[in-house]
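What follows is one structure encoded as structure tokens, with my remarks underneath.
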Amino acid sequence: MKKYQEFKQVQYPEIGENILAFWKANQIFEKSVESREGSQTFTFYEGPPSANGTPGIHHVMARTIKDVFCRYKTLRGFQVKRKGGWDTHGLPVELQVEKDLGITKDDIGKSISVEEYNQKCRETVMRYKNEWDDLTEKIGYWVDLDDPYITFDAKYVETLWYLLKKLYDKDLLYKGYTIQPYSPAAGTGLSSHELNQPGCYRDVKDTSITAQFKVKGEVDTYILAWTTTPWTLPSNSALAVGEKLDYVKVKTFNPYTFEPETVILARERMAGYFNPKAADISLEAYNPGDKLIPYKVLVTVKGTDLLGLAYEPLFPIETLALPHPAFTVITADYVTTEDGTGIVHLAKAFGADDFRTLVQQNVPGIFVKDELGNDIPIVDKKGKFIPVVGEYLLAKMKEHGIYGHKELGVDDFYVKNYPKDDEANPDYKSTDVIISIILKNENKAFKVEKYEHSYPHCWRTDMPILYYPMESWFIKTTAYKDKLVAHNKTINWKPEATGTGRFGNWLENLVDWNLSRSRFWGTPLPIWRTEDGSETLCIGSISELEAGIADAISKGFMEKSPYEGKEVDLHRPYVDDVVLASPSGQRMFRETDLIDVWFDSGAMPYAQWHYPFENQEIFEANYPADFIAEGVDQTRGWFFTLHTLSVMLFDSISFKNVIANGLVLDKNGNKMSKRLGNAVDPFKTLKEYGPDALRWYMLSNANPWDNLKFNEEGVAEVQRRFFGTLQNTYNFFALYANLDHFTYDTERAIPVNERPELDRWIISKLQSLIQDVEKSLDHYDATPATRVIMNYTVDQLSNWYVRLARKRFWRGDMNPDKQAAYETLYECLQTISQLMSPVAPFYAEWLYQNLTAGAREEGQDLATSVHLTNWQAANQDWIQDDLETSMKLAQDISSLVHSLRKKERLKVRQPLQKILIPVLSEKRKAQIQHVEELILSEVNIKAIDYIDDTSGILVKSIKPNFALLGKKYGPQMKLVSQKIQGWGKDEIAVIEQEGKIQISIGSNQVDILLEETLISSQDIPGWSVATESGLTVALDVTVTEVLKQEGIARDLVNRIQNLRKDMGLDVQDKIHITLANQSEEIDTAIRAFSEYIQTETQALELTFVRELPEGTLLDMDEFELTVLVEKV
RNA sequence: GGGCCUGUAGCUCAGGUGGUUAGAGCGCUACACUGAUAAUGUAGAGGUCCGUGGUUCGAGUCCACGCAGGCCCA
């Protein structure tokens, strides 16, 4: 019976399916976790995917990385639990449902109840779960899908509430403002997603103003700032310059009032404001009304020089007056000289940048108090100026005689959106225009013009949006900035730059985390407030909520609990129906916001275990994670929220090692998209190539943090080159092992040190390989690991070991030499199966099963699966550096001889007399002699002559070791180099004997040491020579009569072997050879080597005849020969 | 606009701390092998190391400024 299954054809996808079934039937994954019970844990956190969309090829990448290290750590003896999870809340789910139902956000709560809507979301969110599970299985990603955490689960949400309350209790949760797109026409905020709808950005012509801000304490000096939204000018409270930019003070005249004045703007922006034709006109020559306005640069200063400059507000409205440092010049890093004046007008309420900059620099903004004492901007939610401003504008209109198309009241100044009929009137003046005219009249405008730009519009009302302060709940992450930065430095990031650069910079420029989302399907903010906002309550658990409800019912605020008769669901609308009682007995309503879904996923270390309500010990044993991996796009997503929550709440990191992988692009480097049709379907690829080649390709092609240009041909190449070669090697082993009835048995194996040298060599290389793989995987570097395994398998094992050892497998009966060969090859294959198993789990398993099946039948006690084995550490005693060096020399020398043969057109079948190898040391000579036989047979040469100093023909040359000498002599290196390269054989002999030579550099005498030079051998005159990396080989190209004969004999053997094969003969079949007489020369050659020919071709007889009509005519390159081969 | 990544042979990628012939695989060309055979081996050709400046005795490598592609954030 065959102990090792042989395969003609291998179907890799089939291997995947069979092994998957094997794992399932034998519960290998479960066992790989259970069998490590009590061992040290290796904690992995699964970043939850959303099953709302179908999985793509990039998910194969991400999940392969996760899987590789979990499997590796298992082999290394750790217990690796992998709890799966699903991300179930958020905007994508809601949009999907809106699309499915053909509704918009407005309809929710109207044509469909929130309850029904959320039910729909709950159903939709797992829509593609089956596809996900299918992919997870098929790519061999081992993760526990039976007991995953699900973010919409009431227990999960309860933990989120607990964490939110913890933040609230630490005073880290507050209500504030953020500047967001707002549609005054629709009366609602817009998400960035809504703003990205096609058609939202439109080219519109707006009135733009370059306003003049009068500098305090200087005569007629003005700072120029440009805006496309003049209505924000009354809200101006600061001007920003760029620190490093150059600014000029220019003496000129106002083009509207013709007043002489000095203006300040960026030097690079002068071309936008001054006509070069006016450059030569003197200031004195100017007459009011002249088209060309002369100008003169007075002085150039840096932005920093303007810092702190105070100016007068454009609209001196008393109720809007502000204390210092309002109305001063500040700096901001985003100021450029691309347009405008290089000086930016800041209105705290109406620009996100403005708001952030002014908050950071503690500059107050223009706001008024509402009836509750809250700050509100001077444009109301309908998009109109508040009456205070309206009054001012009306007074100014009267003063300057400005008339619109109708009588305006104090409450009629819309800043952006107006009833449409208004614009048709020729006398129509927008608020922007009115402001422009006022400023022109008051010598406060330097330039007013129509400006066409792209501006966002509300997709529902078609009206322009405003950037407007919206109330939001924030987590005060900025309070923990230092700790976040410090803790981050203890995390091992792969690649490092993502941790220091992308993530590190993000932490350095931290802003408070805006938690609020005004949507329906998500974790509700557990905050209740009294209507006047004076009392606030944060609920941290279900029991707290229930107690609150009971209390509220007893006080008559609620009739009954929304949860009466059913399970508690913390989603909307139920929580919205809860009205609580405040300590002072007022009604409290929930703040309607949901929280950012990133909070959901960032809280998974706690929420997945329902901490602290359950599983406290499990949580503690699995926190922080040893390892996580996701795409680099998660830097500000999951990586950030995980980090932030753990630092703020537990003063700890939440992951120790992280791989941030890059994107998977198409083969041309373009982003994959379903719309463009260049997306690769993972299922199709799996079906064609199976999981292993795909996984191997993705990790071996490039480091995972570089973007991967996914090319199917690359997968095919990996399959052919690596898996194909490995498979061939196994098949070779199986073929002969079965013929010889060999079964591997550790107990009976010949000790490694008693095996032939070739065996000891490949085993030595194997130990080095194990060490290399270990080192790579320990450092979360999978790519080098795959590459060294591939190199070992293809170049060392298959192309060298198997080729050289081939004869040992087929020659004769079982003997110790043969046994050693089997054992060696078996051990190499088995070790490879273990080393490769994290990356190619299916094929590795298959190989392992094929290798061990026979032994297991014989009753040997072997692990059921390669994934249940323990890592076989390298055996240091088996590593033989000298042997590895010798073998490397053999490989290099063979390669050089092949190269020479090629050059001389001497085929390998033609034996040659000798090669010459110059050796510079006894050691080197010994190393080559060690493998001399091997080289000779490999390249079909009779002898090697070593040329050393005693031979008299060795010519040495010397050159400086730049790396060593450069450090020592630096600038004098050129001189030193010249001296050394000028040396001949006498100097070389001296330095070789004395170890040094004194030379003079300038006036100094210095010693050049032997080790500071590199001595190599030169070409050998009259010989065909090849040199590579310090190794030189010369070939004796003389073909003597005897050699020629042997060449002919070898050629004949080759032709006869071909004939045997063509005839379909078996390996053991014997033959008769009949040859037609040819020339004297050929006959002599064949007779001389007849014994050799017969042995090689298994011929019992070799006869010559005169005529051979039924023979085959052979082309022997230089002549022809008729031969007849007959089976005996 | 900002931060970060990438750019080396036709393609995919290696090239610690700067050191004098810049490598591998695939592809291509040629040859060899024919008892691993729908397999395999060997050799050869192929380079503006994205560009421009700079530092240095010496730069693919360090610095500056650009260019191209990508990601994230505005």
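Any value given below was found using the heavy atoms of this structure, including those in side chains, with hydrogens, waters and symmetry copies removed. Predicted, not measured: the structure shown is a model, and the values here were computed from it.
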Apply ring-ring contact (aromatic ring centres under 6.0 Å, His included) to A/Trp226 and list each qualifying residue two or more places apart in sequence or on a separate chain.
->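 In terms of ring-ring contact (aromatic ring centres under 6.0 Å, His included), with neighbours along the sequence ignored, A/Trp226 is linked to A/Tyr451.
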
Can you label the angle between the A/Phe722 ring and the A/Trp696 ring as parallel, tilted or perpendicular, going by 30° and 60°?
-> parallel

Nucleotide opposite [N] in a Watson-Crick or G-U pair, distances under 3.5 Å:
N: B/C62; result: B/G54
N: B/A45; result: none
N: B/G1; result: B/C73
N: B/G25; result: B/C11
N: B/U40; result: B/A32

Ignoring the backbone of [X], work out which of [options] is nearest its side chain.
X: A/Asn701; options: B/U12, B/G19, B/A39; result: B/U12
X: A/Asn505; options: B/A39, B/G3, B/U42; result: B/G3
X: A/Arg803; options: B/G41, B/C13, B/G44; result: B/G41
X: A/Lys974; options: B/A14, B/A36, B/C57; result: B/C57
X: A/Ser899; options: B/A36, B/A14, B/A43; result: B/A43

Could you check how far [atom1] of [X] sits from [atom2] of [N], rounded to whole Å?
X: A/Trp800; N: B/U42; atom1: CH2; atom2: P; answer: 9 Å
X: A/Glu713; N: B/C13; atom1: CD; atom2: C1'; answer: 16 Å
X: A/Gln719; N: B/U12; atom1: CD; atom2: C1'; answer: 18 Å
X: A/Leu825; N: B/A36; atom1: CG; atom2: P; answer: 13 Å
X: A/Phe710; N: B/C13; atom1: CZ; atom2: P; answer: 13 Å
X: A/Asp1051; N: B/A32; atom1: CG; atom2: C1'; answer: 11 Å
X: A/Phe7; N: B/A39; atom1: CZ; atom2: P; answer: 19 Å
X: A/Met973; N: B/G18; atom1: CE; atom2: P; answer: 16 Å

Quote, to the nearest angstrom, the [atom1] distance that separates [N] from [M].
N: B/C67; M: B/G51; atom1: C1'; answer: 7 Å
N: B/G23; M: B/A14; atom1: C1'; answer: 7 Å
N: B/U42; M: B/C49; atom1: P; answer: 30 Å
N: B/G44; M: B/A24; atom1: P; answer: 10 Å
N: B/A38; M: B/C50; atom1: C1'; answer: 43 Å
N: B/G58; M: B/A22; atom1: C1'; answer: 16 Å
N: B/A43; M: B/G54; atom1: P; answer: 42 Å
N: B/U6; M: B/A45; atom1: C1'; answer: 29 Å

Is the centre of the A/Phe639 ring less than 6.0 Å from the centre of the A/Trp493 ring?
-> yes

Are A/Phe809 and A/Phe732 close enough that their ring centres sit under 6.0 Å apart?
->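 Distance test on ring centres: under 6.0 Å, yes.
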
Counting only side-chain nitrogens and oxygens, does [X] get under 4.0 Å of the OP1 or OP2 atom of [N]?
X: A/Asn791; N: B/G25; value: no
X: A/Lys968; N: B/C57; value: no
X: A/Asn799; N: B/G41; value: yes
X: A/Ser895; N: B/A43; value: yes
X: A/Arg720; N: B/G27; value: yes

Under the salt bridge (charged side-chain N to carboxylate O under 4.0 Å, His left out) rule, collect the residues that match up with A/Asp596, sequence neighbours excluded.
-> A/Arg517

Want to settle it: does A/Gln981 or A/Phe732 sit nearer the 5' end of RNA chain B, counting the closest nucleotide to each?
->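 Whichever sits nearer the 5' end wins; that is A/Gln981.
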
Relative to the 5' end of RNA chain B, which residue comes earlier, A/Gly724 or A/Leu708, by the nucleotide with the nearest heavy atom?
-> A/Leu708

CD-OH distance between A/Glu1046 and A/Tyr1092, expressed to the nearest 0.5 angstrom | 7.0 Å

Would you say the base of B/A36 and the side-chain of A/Arg806 have a donor-acceptor pair closer than 3.5 Å?
->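 Check passes, donor-acceptor contact within cut-off.
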
Please state whether the base of B/A36 and the side chain of A/Ser798 form at least one donor-acceptor pair under 3.5 Å?
->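 By the distance-only test, yes, there is a pair.
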
With A/Thr729 as reference, evaluate A/Leu829, A/Leu847, A/Asn799, A/Val794 under the side chain to side chain contact (heavy atoms under 4.5 Å, CB included) test and give the passing residue.
-> A/Leu829

Look at atom CD of A/Gln360 and say whether more than 12 heavy atoms of other residues, nucleotides or ligands are closer to it than 6.0 Å.
-> yes

Count the heavy atoms of every other residue, nucleotide or ligand shown that sit under 6.0 Å from CD of A/Glu1011, and state whether that count exceeds 12.
->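 Check passes, neighbour count above 12.
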
Using side chain to side chain donor-acceptor pair (under 3.5 Å) as the criterion, point out the one residue from A/Asn850, A/Asn738, A/Asn731 that pairs with A/Glu6.
->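 Running side chain to side chain donor-acceptor pair (under 3.5 Å) over A/Asn850, A/Asn738, A/Asn731 with A/Glu6 returns exactly one hit, A/Asn738.
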
Do A/Asp772 and A/Lys775 sit within salt-bridge range, that is, some charged N less than 4.0 Å from a carboxylate O?
->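 Salt bridge between A/Asp772 and A/Lys775, a charged N being under 4.0 Å from a carboxylate O: no.
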
List the protein contact pattern of nucleotides 68-74 of chain B with one symbol per nucleotide (5' to 3'): B for base contact, S for sugar-phosphate-only contact, - for none; contact means a heavy-atom distance under 4.0 Å.
-> --SBSSS

Mind checking if [X] touches a base, just sugar-phosphate, or nothing, with heavy atoms under 4.0 Å?
X: A/Thr729; answer: base
X: A/Val802; answer: base
X: A/Gly966; answer: base
X: A/Asn731; answer: nothing
X: A/Lys967; answer: base

